[in-house]
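What follows is a single structure, written as structure tokens, with notes after it.
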Protein chains: 2
Amino acid sequence: MPHPLSAGPILSGLTKNQALVLDTIVMAHKPIGAYEILGKLKPRGIKSPVQIYRAVNSLIQCGIVHKVESINAFVRCTHGHPHHGQTTILAICDGCGAVVEHHDDTVDRRLEAWARQEAFEVETVAIELKMRCARCSGLASLATTKTQV
Amino acid sequence: MPHPLSAGPILSGLTKNQALVLDTIVMAHKPIGAYEILGKLKPRGIKSPVQIYRAVNSLIQCGIVHKVESINAFVRCTHGHPHHGQTTILAICDGCGAVVEHHDDTVDRRLEAWARQEAFEVETVAIELKMRCARCSGLASLATTKTQV
DNA sequence: ATTGGGTACGTTATGTTATTACGTTGGTCA
DNA sequence: TGACCAACGTAATAACATAACGTACCCAAT
């Protein structure tokens, strides 16, 4: 349970460390790794990776943050209302790190149907696409004029 | 490109290291990490992680092996015929490491439609489920009688 | 008010996964 | 033959993640 006194810069109900980490993830505007978060929070008193991992794990459990498995990084959930058991689909641009989040009930149903057929119990689902966003694929022929990940 | 002379224990057209690594992955019957592969191949002259990573990357490019992103491990592709641009869906049992591979055109179409709508170019797609297989979830109430991952 | 449980925290150390950098080998082909 | 290219070998290091310990604090039951 959250520390009752803390009220983070973004959301209340988070502990101090959770709020710091969430804030850093939000500010990044793209997936950010644990050690990069650590680097940014050292000036604010965070000293070790464990502290980051503890906080992101809480945030993930709350559903506020997603882990991008394919790049070992974390990103703010941009899905407005709470997920009702829906699978999060993430597309990440190789070029600029932009992330688009999506949900698709049809996909969820297809996966559930498959699970029933194979008689296994689904615990978690991760769907991740690597892509070039419109801007980055449009710029493909030009020199590298924009910031890369 | 493959080394022209080598013919591995499993498939021809692979280099010696690729064949060794593939063989180890196949023998494992479940996802196996790079360092575990390394451990098994040390007696056969492989000395460093790079050699493993080079080989698995080639095998992945050939489509012979999949990387399971969510657990940083590698598994033999069990899809019979060559994939026609299909997305691989993997379900991995937490209990015993069993893997089931699947493909679903409907899911592929939904993701493609989404990509079109958002105007990005898909490069790769990873769909991974963590699950308990029928055997492991049936055994849930019993003591740990079977080998765990 | 004391005590015991639970949660987050801090710190150190270590374990695990992956890549960079650089030089060598051996086959291909003009 | 010699330029090229792909795979290989080796050492070092980077990047990601957890274990194991003890402390601080709130809360609820005694």
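All chains are named by letter (A, B, ...) in the order of the sequence lines, taking the proteins before the strands, and each is independently numbered beginning at 1. Heavy-atom basis, side chains included; hydrogens, waters and symmetry copies ignored.
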Determine the minimum heavy-atom distance between [X] and [Y], stating which atoms define it.
X	Y	value
Gln51(A)	Asn17(A)	NE2-ND2, 4.1 Å
Glu101(A)	Thr78(A)	OE1-N, 2.7 Å
Ala91(B)	Trp114(A)	CB-CH2, 3.6 Å

Margin query: Nearest heavy atom decides the nucleotide; on that basis, is Gly45(B) or Asn72(B) closer to the 5' end of DNA chain D?
Written below: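 It is Gly45(B), whose closest nucleotide lies nearer the 5' terminus.
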
Notebook entry, point to check: So do Cys96(B) and Arg135(B) actually touch side chain to side chain, heavy atoms under 4.5 Å?
Noted result: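 The answer is no; the side chains never approach within 4.5 Å.
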
Which nucleotide in the list [options] gets nearest to the side chain of [X]?
X	options	answer
Lys16(B)	dT11(C), dG9(D), dA11(D)	dG9(D)
Thr15(A)	dT11(C), dA21(C), dA8(C)	dA8(C)
Tyr35(B)	dT17(C), dT20(C), dC16(D)	dT17(C)
Pro49(A)	dC9(C), dT10(D), dT18(D)	dT18(D)
Ser48(A)	dT10(D), dA18(C), dT11(C)	dT11(C)

Note to self: If the cut-off is 4.0 Å, is Gln51(B) near the phosphate of dG9(D), judged by side-chain N/O to OP1 or OP2?
What the structure shows: yes

Value in whole Å for how far the [atom2] atom of [N] lies from [atom1] of [X]:
X	N	atom1	atom2	answer
Asn17(B)	dA6(D)	CG	P	17 Å
Gln61(B)	dA6(D)	CD	P	12 Å
Arg54(B)	dT25(C)	CZ	C1'	13 Å
Ile52(A)	dA19(D)	CD1	C1'	18 Å
Leu38(B)	dT19(C)	CG	P	15 Å
Glu69(A)	dT17(C)	CD	C1'	14 Å
Lys47(B)	dA12(D)	NZ	P	14 Å
Asn57(A)	dA8(C)	CG	C1'	13 Å

Notebook entry, point to check: So, do Tyr53(B) and dT19(C) meet the stacking rule of ring centres under 5.5 Å and planes under 30°?
Noted result: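 Stacking is absent between dT19(C) and Tyr53(B), given that the ring centres and planes do not meet under 5.5 Å and under 30°.
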
Note to self: Pair Gln86(B), Asp105(B) - check side-chain hydrogen bond (donor to acceptor under 3.5 Å, both in side chains), show working.
What the structure shows: CA-CA 7 Å; Gln86(B) 288 180 318; Asp105(B) 290 336; 3.1 Å; yes

